[in-house]
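A short write-up of the structure that comes next.
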There are 2 protein chains.
Amino acid sequence: MSLKYAVLAALLEGEASGYELSKVFDISFANFWPATPQQLYRELERLARDGLVEARFVQQERRPNKRMFTLTEAGREDLRAFAAEPPRRPTAIRDELLIKLQAVDDPEAARAMIEERMTWARGKLGRYERVRERLLDGRTEDAYLRESDRVGPYLTLLAGISFEEGNLRWCERVLAVLKQRVAQG
Amino acid sequence: MSLKYAVLAALLEGEASGYELSKVFDISFANFWPATPQQLYRELERLARDGLVEARFVQQERRPNKRMFTLTEAGREDLRAFAAEPPRRPTAIRDELLIKLQAVDDPEAARAMIEERMTWARGKLGRYERVRERLLDGRTEDAYLRESDRVGPYLTLLAGISFEEGNLRWCERVLAVLKQRVAQG
DNA sequence: AACACCATGTAAGCAGTTACATGATTAG
DNA sequence: CTAATCATGTAACTGCTTACATGGTGTT
């Protein structure tokens with residue numbers, strides 16, 4: 001049910017193709033609602049059938065043809081109603097690393113996994129920082145908040161940043177604990 | 001595939017019934033691998049069929065009968081192998097609130113949702129703190145880490161705490177941004 | 001009297017994943 | 001020459017959610 005609204009929300013940024021949306025759901029939206037291309041193509045089909053988005057066929061010469069999707073007024077209204085209601089279900093996290101860590105008996109293997117996660121988190125923070133700069137576009141946060149009509153994308157970006165920072169802090173903590181365990185055998 | 005190992009990891013704590021596991025997956029494990037009772041009953045069935053857990057029927061007098069499950073040596077071995085491999089898929093988060101926030105056009109509604117999340121996060125932190133005290137059992141962290149044979153449960157607990165603290169910090173940030181927006185209409 | 005807890009399970013349906021297919025274009 | 005990008009889609013499968021059912025016990 002929520003994927004539907006995630007797609008509608010993504011289309012608030014403007015017209016997009018399924019392929020373009022699959023990039024968005026693999027990068028920025030992946031931070032709170034990941035989806036594979038196949039999910040998106042199916043969802044867009046449904047949304048078009050229900051009149052919440054409008055599809056426009058675009059013929060291209062040196063590229064495969066594509067369909068561009070836009071929110072309809074009905075889609076906008078449906079999304080608005082959804083956004084006004086409090087969430088029904090709590091945040092769900094699925095993290096394989098934590099299962100492994102729960103069961104771990106080899107501190108060295110654990111350490112390696114944590115290091116990898118840290119590298120990954122740092123990379124993600126860097127990419128977030130660049131998105132932030134693109135949004136702010138030289139302005140201060142204050143100026144940006146005054147001038148932009150939508151705050152949503154900025155707030156979800158902050159969530160991503162906050163999450164990865166927390167991740168890093170936790171990783172440091174885990175490394176310290178593991179080191180102590182190894183030190184005493 | 002991962003639910004399987006989450007269940008095996010949960011059984012490292014000792015024999016448990018499907019019902020007991022459903023509590024665990026609704027509270028502590030929910031922080032990194034939520035599962036409904038129905039998922040668990042099916043998974044336990046499969047694990048028993050594959051010889052990774054052993055089922056023992058327990059007749060009770062003033063309660064419904066139950067089946068208690070224990071890890072077999074094969075199950076332990078399978079879990080050990082899983083825990084030694086690096087994770088295949090990145091952390092997946094599904095958070096309805098962030099979809100709503102991405103689309104939000106009513107700052108007052110947004111503020112209410114954030115307040116609710118904060119209340120919820122504080123509650124969760126409180127419960128984590130109590131779990132921590134039960135684990136430490138009067139000892140310092142150092143002493144606990146020296147004496148306990150498994151660190152896993154403590155590390156995943158720290159992850160939960162870290163996550164909710166980050167959540168709270170982010171909520172504060174969002175409130176500040178929203179306040180600023182409202183102040184200027 | 002009404003509700004929550006204990007303890008399991010079936011059935012149906014929806015959501016998400018994986019594999020495969022197509023075929024030209026562009027970058028290394 | 002190889003791999004990645006663009007752009008879509010079908011099919012088969014696995015995983016997850018929701019509704020319902022049972023029926024005694026303990027709590028407010």
Side-chain angles (χ1 to χ4, degrees), chain A residues 1-8 10 15-27 29-30 32-50 53 55-69 87-96 99, chain B residues 1-8 10 15-27 29-30 32-50 53 55-69 87-96 99:
Chain A
M1 199 76 303
S2 290
L3 174 58
K4 167 180 167 181
Y5 294 105
V7 170
L8 293 177
E15 200 183 27
S17 68
Y19 188 79
E20 283 160 2
L21 285 180
S22 79
K23 300 294 158 204
V24 171
F25 277 81
D26 198 46
I27 300 167
F29 268 54
F32 57 91
W33 209 274
T36 62
Q38 285 65 27
Q39 279 179 275
L40 294 171
Y41 285 121
R42 257 187 304 173
E43 195 62 49
L44 285 166
E45 212 62 63
R46 248 176 281 173
L47 291 171
R49 169 169 52 67
D50 298 348
V53 304
R56 179 172 71 91
F57 208 89
V58 177
Q59 231 141 358
Q60 295 186 125
E61 289 190 355
R62 343 196 121 255
R63 296 248 156 266
N65 297 331
K66 58 180 174 179
R67 287 194 302 160
M68 298 292 285
F69 297 89
R88 297 174 183 285
R89 53 190 80 256
T91 314
I93 300 186
R94 297 240 141 88
D95 191 343
E96 258 193 26
I99 301 179
Chain B
M1 198 76 303
S2 288
L3 175 59
K4 167 180 167 181
Y5 294 103
V7 171
L8 293 178
E15 199 182 29
S17 70
Y19 188 80
E20 282 160 3
L21 285 179
S22 79
K23 299 295 158 202
V24 170
F25 278 82
D26 198 46
I27 300 169
F29 269 53
F32 57 91
W33 210 276
T36 62
Q38 285 64 27
Q39 279 178 275
L40 295 171
Y41 285 121
R42 259 186 303 172
E43 195 62 51
L44 286 167
E45 212 62 63
R46 249 176 281 173
L47 291 171
R49 170 169 52 65
D50 299 348
V53 304
R56 180 172 71 90
F57 208 87
V58 176
Q59 232 141 356
Q60 295 186 123
E61 288 192 356
R62 349 196 115 254
R63 297 246 156 266
N65 298 331
K66 59 181 174 179
R67 286 195 303 158
M68 298 293 285
F69 297 89
R88 300 175 182 286
R89 53 190 81 256
T91 314
I93 300 186
R94 298 238 141 88
D95 192 343
E96 258 192 28
I99 302 179

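Only this structure's heavy atoms are used, side chains among them; waters, hydrogens and symmetry mates stay out. Chain identifiers are assigned alphabetically (A, B, ...) following the order of the sequence lines, protein sequences preceding nucleic acid strands; residue numbering begins at 1 within each chain.
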Next item on the list: Please state whether the phosphate of C:dG16, meaning OP1 or OP2, lies under 4.0 angstrom from any side-chain nitrogen or oxygen of A:Arg94.
Entry: no
Next item on the list: Check B:Ala30 against B:Phe25 and note the closest heavy-atom contact, atom names and distance.
Entry: CB-O, 3.3 Å
Next item on the list: Give a yes/no answer on whether the side chain of A:Arg89 brings an N or O atom under 4.0 Å of OP1 or OP2 in D:dT17.
Entry: no
Note to self: Once rounded to the nearest 0.5 Å, what's the spacing between atom OG of B:Ser22 and atom CD of B:Gln39?
What the structure shows: 11.5 Å
Notebook entry, point to check: Roughly how many Å is it from CG in B:Asp26 to P in C:dA7, rounded to a whole number?
Noted result: 16 Å
Margin query: Nearest whole Å is fine: how far is C:dC6 P from B:Glu20 CD?
Written below: 9 Å
Next item on the list: Return the value, rounded to whole Å, for the distance between atom CZ of A:Phe25 and atom P of C:dA15.
Entry: 14 Å
Check: If you take all heavy atoms of B:Glu15 and B:Glu20, which pair is closest and at what distance?
Finding: O-OE1, 4.3 Å
Next item on the list: Let me have a per-nucleotide readout for nucleotides 23-28 of chain C, 5' to 3', with B, S or -, counting only protein heavy atoms under 4.0 Å.
Entry: B-SS--
Next item on the list: Return the set of residues passing salt bridge (charged side-chain N to carboxylate O under 4.0 Å, His left out) with B:Arg46 (not counting sequence neighbours), or none when no residue passes.
Entry: B:Glu43
Note to self: Can you see if the side chain of A:Ser17 gets near the phosphate of D:dT8 - specifically, an N or O under 4.0 Å from OP1 or OP2?
What the structure shows: yes
Margin query: When you measure from the side-chain N and O atoms of B:Gln38 to the phosphate of D:dT18, is any distance below 4.0 Å, counting only OP1 and OP2?
Written below: no
Next item on the list: Could you tell me the separation between the CZ atom of B:Phe69 and the C1' atom of C:dA7, rounded to a whole number of Å?
Entry: 11 Å
Margin query: So, taking the atom named OH in B:Tyr41 and the one named CG in B:Leu44, what distance separates them when rounded to the nearest 0.5 Å?
Written below: 8.5 Å
Note to self: Checking A:Lys4 now: which residues fulfil side-chain hydrogen bond (donor to acceptor under 3.5 Å, both in side chains) with it, not counting sequence neighbours?
What the structure shows: A:Asp78
Item checked: Whole angstrom value for the distance that separates C1' of D:dT8 from CD of A:Gln59 -> 14 Å
Next item on the list: Check the distance between D:dT8's P and A:Arg56's CZ and give it to me in whole angstrom.
Entry: 12 Å
Next item on the list: Output all residues satisfying side-chain hydrogen bond (donor to acceptor under 3.5 Å, both in side chains) with B:Arg67, sequence neighbours left out; order by chain, then residue number.
Entry: B:Glu45
Notebook entry, point to check: Angle, rounded to 10°, between the helical axes spanning five pairs at each terminus of the helix from C:dA1-D:dT28 to C:dG28-D:dC1?
Noted result: 60°
Next item on the list: Using whole Å, report how far CG of B:Leu3 lies from C1' of C:dG16.
Entry: 15 Å
Note to self: I want to verify a distance call: between C:dG16, D:dA7, D:dT18, whose nearest atom is closest to the A:Tyr19 side chain?
What the structure shows: D:dA7
Item checked: Closest non-hydrogen atom pair, A:Ile99 against B:Ser2 -> CD1-O, 3.7 Å
Note to self: For A:Val7 versus A:Leu47, what's the shortest heavy-atom pair and its separation?
What the structure shows: CG1-CD1, 3.5 Å
Note to self: At a heavy-atom distance below 4.0 Å, what parts of residues 39-50 of chain B sit against DNA chain D?
What the structure shows: B:Gln39, B:Arg42, B:Arg46
Check: Atom CE of A:Met68 and atom C1' of D:dA7: how far apart are they, to the nearest Å?
Finding: 12 Å
Checklist line | Contact summary for B:Phe57 and B:Asn65, nearest pair of heavy atoms | finding: CE2-CB, 3.8 Å
Item checked: Point-to-point distance, once rounded to the nearest 0.5 Å, from CZ of B:Arg94 to CD1 of A:Ile93 -> 12.5 Å
Notebook entry, point to check: Between B:Gln60 and B:Lys66, is there a donor-acceptor pair closer than 3.5 Å when you use the side chain of the first and the backbone of the second?
Noted result: no
